[in-house]
Amino acid sequence: MKNLWKALLMVRDCDPGSFWRRLVYQLLESILPLVNLYLLKLLIDSVQVGGDPTLFVRYLLAMCGIFLANRIVAALSGINNDVLSQRLIDYLSDLLQRQSSRLDMQYYDNPTYHDTLHRAQQEASFRPLQILANFSALVGAVVSIAGVVALLVGASWWVIVVMIVAVLPGFAVRLYKARQIYRFRRGNTQLYRRTSYYSALLTAREFAKELRAYRLAPLFRGRFVEVRKRLSAKLLAISRKLGMLDILCAFIEAGAMLAVVWLLAHQAFVGAITIGTFVMLFEAFRRGQGYLSSLVGALSGLYDNRLFVGNLFEFLSLQPTILAPEEPMSVPEEITEVEFRDITFRYPDMDRDVLSHFSLRAPRGKITHIDGRNGFGKSTLIKLLLRLYDPQQGTVLLNGIDIRRFRPEELRSRFGVLFQDFVRYNLTVTDNVQPNPTQAFKQSGSQAIKLAGADTFVDRLPQKEATVLGRVFDGGSELSMGQWQRLALARALATDAPVILLDEPSAWLDVDARHHLQETLRTLESDKIILLITHSQNLD
């Protein structure tokens, strides 16, 4: 029940007005049909021999008025539901994005995290809204059933008993089905993620070239189909089993309806009840079965969604481990030295150290080269310095101060970083160079572009710095990898940060661009700390 309550509060918080309006509309949609049912009895009785035509007209107009009111409420409810649905999608998207961005990098190295994220993403878009729908349907069903009981209890209490008993087997089957489907989906999360991965390989632009060059499409399509067949076979086996139980329940409910109609008809034939009463009781029973079915559906839906919405809250409950200290220090304005002291580090779930008792000092006023073979841990040093991870042993220091004494966000603001696997944003040139409008950039975008040597091609783009890059959106201009790398370098330089971290900054550069980078680094060298990670000594 705790997850259900949390989900309802979540829906309420995203748009309180629409939330309460939905409940009001649900109550009206539950009450108006019952009023119409009673008016139907009065209408039928009024047309019997000796009836009053005036009453007939009044009842007919009243029924038309109730019908019109019901349709208007349904239309307003539909609009309100659409508004609430969109607000909830935005609200939950924001929650997931915020949670994902606050978690540590170590989560991304853990397959269990990806399972948790996948389940949360699958459920977040609709489960809380379904819980609200189940809850409001439950309220509406209870109100409707109470009205049906009020109509039936004075005339035929035994009809109420038959009506309730007939739906109990269906209720048990629905609860059983909800549990089976939940276990199946949770137990096969990795298979569902694998189908998503194969689909991305077949459809995403970043894989398109190799897919064609190595003729891989048939291979990945075959693997996608194979996994889907396995999932479908398991799911269909569950569905067939539960479908047979549903059919058995349908026979029970049909038998109950037959018995009730037979007995009510008998009472009408012997004159114990009027034709209008017969119609009202029959309709009350029929609708009562429908309301009870709705009640059962709402309860089983709440049970089902309680299980699945737990996946969302499981993800939202994850906590970062890279935290600010209780009493953080301010990062020094003047940073004169970066030091790695006796660092030992291994990534989560790895069986070997990436760095073992590693030490390095990088003073201001010179370029500190970090050279080494693949897998040596060069790129890992940047991650440790940015405090994306904490080492298992040793200390990373700025001006002799342990970086764990600073707030991570403030610490990271003091670095300009060019990652080896830099991001290519399919946005404008300006957005690529200065993507964060809230950050105080000391260099203008144009200055950073020139420092990085990117002005040689940016000035030739159709809209210069306003040009959209990449081929994902309309009007985009594609760049070479070397040009993309120079924009990523401009992004690092635009901060004019006291510490510049460059990981393989010349990997994609031609001879002229590499020479320009060397000149830029010499210009910046005197008043900055520059860590230059390379495989060779081609930059000095």
Side-chain angles (χ1 to χ4, degrees), residues 102-109 319-348 350 352-373 375-420 439-440 442 489 491-505 521 524-534 539-540:
R102 69 188 282 265
L103 293 176
D104 306 330
M105 289 296 297
Q106 66 175 342
Y107 281 104
Y108 292 85
D109 300 324
Q319 296 297 323
T321 59
I322 305 295
L323 301 172
E326 291 185 4
E327 298 181 2
M329 292 181 59
S330 295
V331 180
E333 286 294 326
E334 296 289 328
I335 299 178
T336 58
E337 184 182 72
V338 168
E339 181 181 359
F340 298 91
R341 184 181 297 172
D342 194 30
I343 297 294
T344 296
F345 175 77
R346 69 172 60 184
Y347 288 101
M350 285 188 64
R352 65 178 183 84
D353 293 335
V354 178
L355 296 166
S356 180
H357 301 288
F358 176 86
S359 296
L360 173 74
R361 294 177 62 195
R364 183 172 65 180
K366 65 172 290 187
I367 299 174
T368 301
H369 288 267
I370 304 175
D371 306 313
R373 64 185 184 278
F376 173 70
K378 304 183 300 297
S379 299
T380 300
L381 293 173
I382 290 181
K383 298 173 187 176
L384 294 175
L385 188 53
L386 291 171
R387 211 179 165 213
L388 302 176
Y389 297 88
D390 280 337
Q392 282 79 26
Q393 178 182 324
T395 310
V396 182
L397 306 108
L398 289 185
N399 291 2
I401 304 170
D402 189 336
I403 63 171
R404 285 172 291 195
R405 301 187 66 183
F406 308 131
R407 284 187 295 271
E409 294 78 8
E410 184 184 0
L411 171 71
R412 293 163 190 161
S413 70
R414 310 311 301 278
F415 298 99
V417 189
L418 170 60
F419 292 103
Q420 185 176 12
Q439 184 174 345
K442 296 181 180 179
L489 175 61
R491 186 159 60 243
L493 299 178
T495 62
D496 198 27
V499 183
I500 304 295
L501 311 174
L502 305 176
D503 192 352
E504 296 296 342
L521 294 182
L524 299 173
E525 180 179 3
S526 61
D527 64 345
K528 295 186 185 297
I529 298 172
I530 301 177
L531 269 68
L532 180 60
I533 295 175
T534 60
L539 284 173
D540 49 30

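Please read all numbers here as calculations on a predicted model, not as lab measurements. Note that these values count all heavy atoms, side chains included, but never hydrogens, waters or copies made by symmetry.
The salt bridge (Lys or Arg N to Asp or Glu O under 4.0 Å) search around Arg341 returns Glu339, not counting sequence neighbours. By the salt bridge (Lys or Arg N to Asp or Glu O under 4.0 Å) test, Asp402 pairs with Arg404, sequence neighbours left out. In this structure, Arg102 has no salt bridge (Lys or Arg N to Asp or Glu O under 4.0 Å) partners at least two apart in sequence or on a different chain. Partners of Phe358 by ring-ring contact (aromatic ring centres under 6.0 Å, His included), not counting sequence neighbours: none found. By the salt bridge (Lys or Arg N to Asp or Glu O under 4.0 Å) test, Glu334 is found to be paired with Arg364, residues two or more places apart in sequence or in another chain being considered.
Closest non-hydrogen pair, Gly416 versus Ala497, comes out as N-CB, 3.5 Å. When all heavy atoms of Pro332 and Ile401 are compared, the pair lying nearest together is CG-CD1, 4.3 Å. Shown here for Ile335 and Pro498, the closest heavy-atom pair between the two residues is CD1-CG, 3.9 Å. Closest of all the heavy-atom pairs between Leu103 and Pro320 is CD2-N, 3.9 Å.
Taking CD of Glu504 as the reference point, atom CD of Gln420 lies at 5.0 Å (rounded to 0.5 Å). Here Leu384 contributes atom CG and Phe340 contributes atom CZ; the two are 6.5 Å apart, rounded to the nearest 0.5 Å. The CG atom of Leu398 sits 6.5 Å away from the CD1 atom of Ile403 when rounded to the nearest 0.5 Å. Interatomic distance, Arg346 CZ to Tyr389 OH, rounded to the nearest 0.5 Å: 14.5 Å. Distance check, rounded to the nearest 0.5 Å: CG of Leu532 to CD1 of Ile367 gives 6.5 Å. Atoms OG1 and CZ, on Thr395 and Arg405 in that order, are 11.5 Å from each other to the nearest 0.5 Å.
There is no side-chain donor-acceptor pair under 3.5 Å between Thr344 and Asp353. Side-chain contact, Tyr347 with Thr380: a donor N or O sits under 3.5 Å from an acceptor N or O.
Remark: side-chain polar atoms of Asn399 are paired, donor with acceptor, to backbone N or O of Glu337 under 3.5 angstrom. Side-chain N or O atoms of Thr368 include none that pairs as donor or acceptor with a backbone N or O of Leu531 at under 3.5 Å. Listed for the Arg412 side chain is no donor-acceptor partner under 3.5 Å among the backbone atoms of Arg407. Of the possible polar contacts, none joining the Lys378 side chain to the Thr534 backbone as a donor-acceptor pair under 3.5 Å is found. Side-chain atoms of Arg414 come within 3.5 Å of backbone atoms of Glu333 as a donor-acceptor pair (strictly under, hydrogens ignored).
Counting only heavy atoms from C-beta outward, the side chains of Leu381 and Leu385 never approach each other to under 4.5 Å. Inter-residue side-chain proximity for Leu502 and Leu489 is flagged as met; some heavy-atom pair is nearer than 4.5 Å. Considering only heavy atoms from C-beta on, Ile322 comes within 4.5 Å of Asp390 through its side chain.
Listed by first then second residue, pairs satisfying ring pair (Phe, Tyr, Trp, His ring centres under 6.0 Å) with a partner in residues 391-412 number zero, not counting sequence neighbours.
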